[in-house]
Amino acid sequence: MSLVELHLPPDTQFVSLARLVVVTAARRSGMDEERLEDLRIAVSEATTNAILSHQRTEEAQRVVLSFGTRPTDEVFQVTIADAGPGFEPLPADDLVERDWQMEGGLGITLIRNLTDDVEFVRGEGMQVHLRFGVSLSSNGAS
Amino acid sequence: MSLVELHLPPDTQFVSLARLVVVTAARRSGMDEERLEDLRIAVSEATTNAILSHQRTEEAQRVVLSFGTRPTDEVFQVTIADAGPGFEPLPADDLVERDWQMEGGLGITLIRNLTDDVEFVRGEGMQVHLRFGVSLSSNGAS
Amino acid sequence: MELTLNDRKDGDWTVLEVGGEVDVYTAPKLRERLVELVGDGQYRIIVDMTKVEFLDSTGLGVLVGGLKRIRSHEGSLALVCNAERILKIFRITGLTKVFPIYDTLDEALQDAT
Amino acid sequence: MELTLNDRKDGDWTVLEVGGEVDVYTAPKLRERLVELVGDGQYRIIVDMTKVEFLDSTGLGVLVGGLKRIRSHEGSLALVCNAERILKIFRITGLTKVFPIYDTLDEALQDAT
Ligand SMILES: Nc1ncnc2c1ncn2[C@@H]1O[C@H](COP(=O)(O)OP(=O)(O)O)[C@@H](O)[C@H]1O
Ligand SMILES: Nc1ncnc2c1ncn2[C@@H]1O[C@H](COP(=O)(O)OP(=O)(O)O)[C@@H](O)[C@H]1O
C-alpha cells in the first residue's frame, strides 16, 4: 500500500492541517481544482466529526487520516478513522427534507453531496471512507 | 503529547509533502520565515535519508515524522524515524574539513548547521531529532 | 487557521466583514461577535463574506444560529458572497432559501429592508 | 514537486534555466540534462537558478557531479543565484569556493572565461 497517513491529536486546531495535506496530495494525483474544493470541505467535515467524537469521550488517541490514489481504479480515497463510539448516519434521502431550523446534520449532508462515494463503517471506532474519481492521464506528478 | 505524525511510504515523491506539512505546522507555532527556511531544508535532508534507507533495505514500512511544540521549553521538535539499519554520523567538527570532491555528507552537514540542536539515535531503526527554538510570545495561532 | 472580523455601521445596517477560514477552530470567534452585536441591539446585519477563503458546516451553523437570534428580534441578516465554491455549500444544504445572498455589498445595502 | 528545465545557447555559453523544487525526487531530471549537455559537447554551462524555489543537498550533489564532468573536459560551470536562502546552503557546505556564483545572468555572461 502506498497511502500516506496523518495522525492528529484530538484538537480542532489541526483540522486546517488535514485539509492542506490531503488537498495537496490529491492535487498531485491529478485532481482538478473544482473537485479539490469539494474534497477540501468533505475532509474538513469528517475530520471535525472525528476529533469532536474523541473530545466528547475524552479519548486521547490520535485521529488517523489515510489517503492516496488506488491506481487500479482511478480513485483518490481518504479514510478518516477515530476510536470513538461512532454513529449511525441517516440514510441519504432523508436529508433532503431537512428544515433549516433543525440543529446538526449539515456536515453529513455536505459529505454525501460532495463525494463520488462515501462509506460509513462502524466497527471498533468509526471509519469514514471518502472517494473521488480522478483521471490518471492528467496526473500532475511524474 | 500533542504531536502530529506524518507516516510516509518509502517513496521519494513524498519528501515535498513532508516539507510542506512540517513547515506549515511550525509557522503556526510562531517560527519566523527565515528559520522556517532552515527547517524546510533540515526536514528535507533527514526525510530523504530515512526514505533512501528503507529503499536500500527493501523495508516497506512507512517512515514516521512526529512534530510539534513542546510548550515547556519553547522548542519546535521534529523526529524522523525509520526502521532501517541506521548509521553512525561523523562528529560535527570533522565535517568542516570536507573536500568538495568527496561524495556524500552534504546532508548531515546542512542538518548540523541549520538546526539549533540535532540528535542521532540508533536503536531499533534510526531516529533523528531536529530542534528549533521558537518564541511562543509571537505564536501565530490563538 | 486565520479568521479576521471587522464591523462598522453603514446607515442602519451593521456590516460584519469576515476574512480567512471559518471552521470548527475559528467559528467560535464569529459566533461570539454575532452574539455581541445582537446583544448590543444591532438587529440589521450584513455579513460580508467576500474575503472568506474557506467555510464548512460549522460556519454555516454559526450563521444559522445568528439568523435565529436576529429573527427573534424581528431583524434581518443578509449575506454577501460571490464565490461559487462557497455558494455551492449554501445550495446543497438548502440555505440559499433561508438567507438573502448578494453578489456585492452595494447590492445588499441598496436592497435594504 | 515541479521542476522546470530550459536550455539555450548564448554566445559560446549554454544557459540552463532551472525552476521549481530540486530535491531527491526531481534531481535525477537535472542530472540527466547536465549529462546530456556535456555528452553533446557543451563544456561551458551557466546554470541559472533564479527561479529555483527549493534546493537541498541532493541538488548540490548534482551540481558538483556536473562540475566534475565538465572539468574533465576543461570546461566551466557557473551559477546564477541571488536568493539568500539558497546561497546559504552553498556557504555552509563550502561550495561558494568551488562554483563561480553570480547575482544575475548578465554578470555571468560578461565575466565569461
Ligand atoms: N465520527 C463520528 N463519531 C461519532 N459521532 C459522529 C461522527 N460523525 C458524526 N457524528 C454524529 O452525527 C451528527 C451529525 O454530524 P454532522 O452532519 O457533521 O453535523 P453537525 O456536526 O452539525 O451535527 C453529529 O452531531 C454527531 O453526533
Ligand atoms: N537514516 C539513515 N539511515 C541509514 N543511513 C543513513 C541515514 N541518514 C544518513 N545515512 C548515511 O549517511 C550518509 C551521509 O548522509 P548525508 O550527509 O545526508 O549525505 P548524502 O546523502 O549526500 O551521502 C548517507 O549516504 C547514508 O549512508
Side-chain angles (χ1 to χ4, degrees), chain A residues 8-23 32-56 63 80 89-90 92 94-115 118 130, chain C residues 1-4 18-32 34 47 49 52-74 76-79 81-101:
Chain A
L8 300 173
D11 182 329
T12 57
Q13 70 170 294
F14 296 122
V15 176
S16 59
L17 197 63
R19 293 194 295 267
L20 175 71
V21 176
V22 177
V23 167
D32 68 41
E33 289 300 319
E34 199 183 322
R35 288 305 272 159
L36 288 174
E37 289 308 319
D38 297 343
L39 171 68
R40 193 189 306 277
I41 292 164
V43 167
S44 195
E45 300 296 347
T47 306
T48 298
N49 284 345
I51 288 176
L52 292 181
S53 177
H54 278 208
Q55 289 186 352
R56 277 194 299 271
V63 160
I80 296 96
L90 287 176
D94 287 13
L95 291 165
V96 186
E97 307 300 328
R98 56 190 308 289
D99 169 8
W100 72 274
Q101 307 234 22
M102 202 174 92
E103 300 275 331
L106 291 175
I108 304 295
T109 305
L110 287 173
I111 290 174
R112 286 204 193 276
N113 280 278
L114 295 172
T115 52
V118 57
L130 313 176
Chain C
M1 189 93 148
E2 307 268 296
L3 176 76
T4 57
V18 185
E21 303 202 331
V22 191
D23 72 355
V24 65
Y25 184 64
T26 61
K29 280 199 253 176
L30 175 59
R31 184 185 299 115
E32 272 167 44
L34 284 170
V47 178
M49 308 203 297
V52 169
E53 283 150 26
F54 179 82
L55 183 97
D56 67 11
S57 72
T58 317
L60 294 177
V62 168
L63 293 173
V64 166
L67 181 63
K68 286 186 193 172
R69 201 170 280 269
I70 280 186
R71 289 220 180 150
S72 73
H73 294 279
E74 270 135 65
S76 334
L77 180 68
L79 306 178
C81 176
N82 61 1
E84 175 51 31
R85 69 180 189 288
I86 291 177
L87 291 171
K88 183 172 183 176
I89 72 173
F90 280 89
R91 235 180 274 124
I92 291 172
T93 52
L95 292 171
T96 39
K97 295 185 204 113
V98 176
F99 291 99
I101 304 183

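All chains are named by letter (A, B, ...) in the order of the sequence lines, taking the proteins before the strands, and each is independently numbered beginning at 1.
- Note that the CD1 atom of Ile89(C) and the CD atom of Glu37(A) stand 10.5 Å from one another [nearest 0.5 Å].
- At most 12 non-hydrogen atoms from other residues, nucleotides or ligands lie less than 6.0 angstrom from CZ of Arg69(C).
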**OP:** Test Val24(C) against Ile51(A) for side chain to side chain contact (heavy atoms under 4.5 Å, CB included), laying out the working first.
**Re:** CA-CA 10 Å; Val24(C) 65; Ile51(A) 288 176; over 6 Å; no

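- Minimum interatomic distance between Ser57(C) and Leu106(A) (heavy atoms only, all atoms of both residues): CB-CB, 3.7 Å.
- Under the side-chain contact (heavy atoms from CB on, under 4.5 Å) criterion, Glu34(A) pairs with Asp32(A), Lys88(C), sequence neighbours left out.
- Here the OG1 atom belonging to Thr109(A) is positioned 9.0 Å from the CD1 atom belonging to Ile92(C), to the nearest 0.5 angstrom.
- Environment of CD in Glu74(C): sparse, with no more than 12 heavy atoms of neighbouring residues, nucleotides or ligands closer than 6.0 Å.
- To the nearest 0.5 Å, atom CG of residue Leu55(C) and atom CD1 of residue Ile41(A) are 8.0 Å apart.
- Among Thr26(C), Thr58(C), Asp23(C), the one residue that satisfies the side-chain contact (heavy atoms from CB on, under 4.5 Å) test with Val15(A) is Asp23(C).
- The structure places CZ of Arg19(A) at 4.5 Å from CD of Glu21(C), a figure rounded to the nearest 0.5 Å.
- Put simply, of Asp11(A), Leu114(A), Thr47(A), Leu110(A), the one with the most heavy-atom pairs under 4.5 Å next to chain C is Leu110(A).
- Minimum heavy-atom separation, Ser44(A) to Asp56(C): OG-OD2, 2.7 Å.
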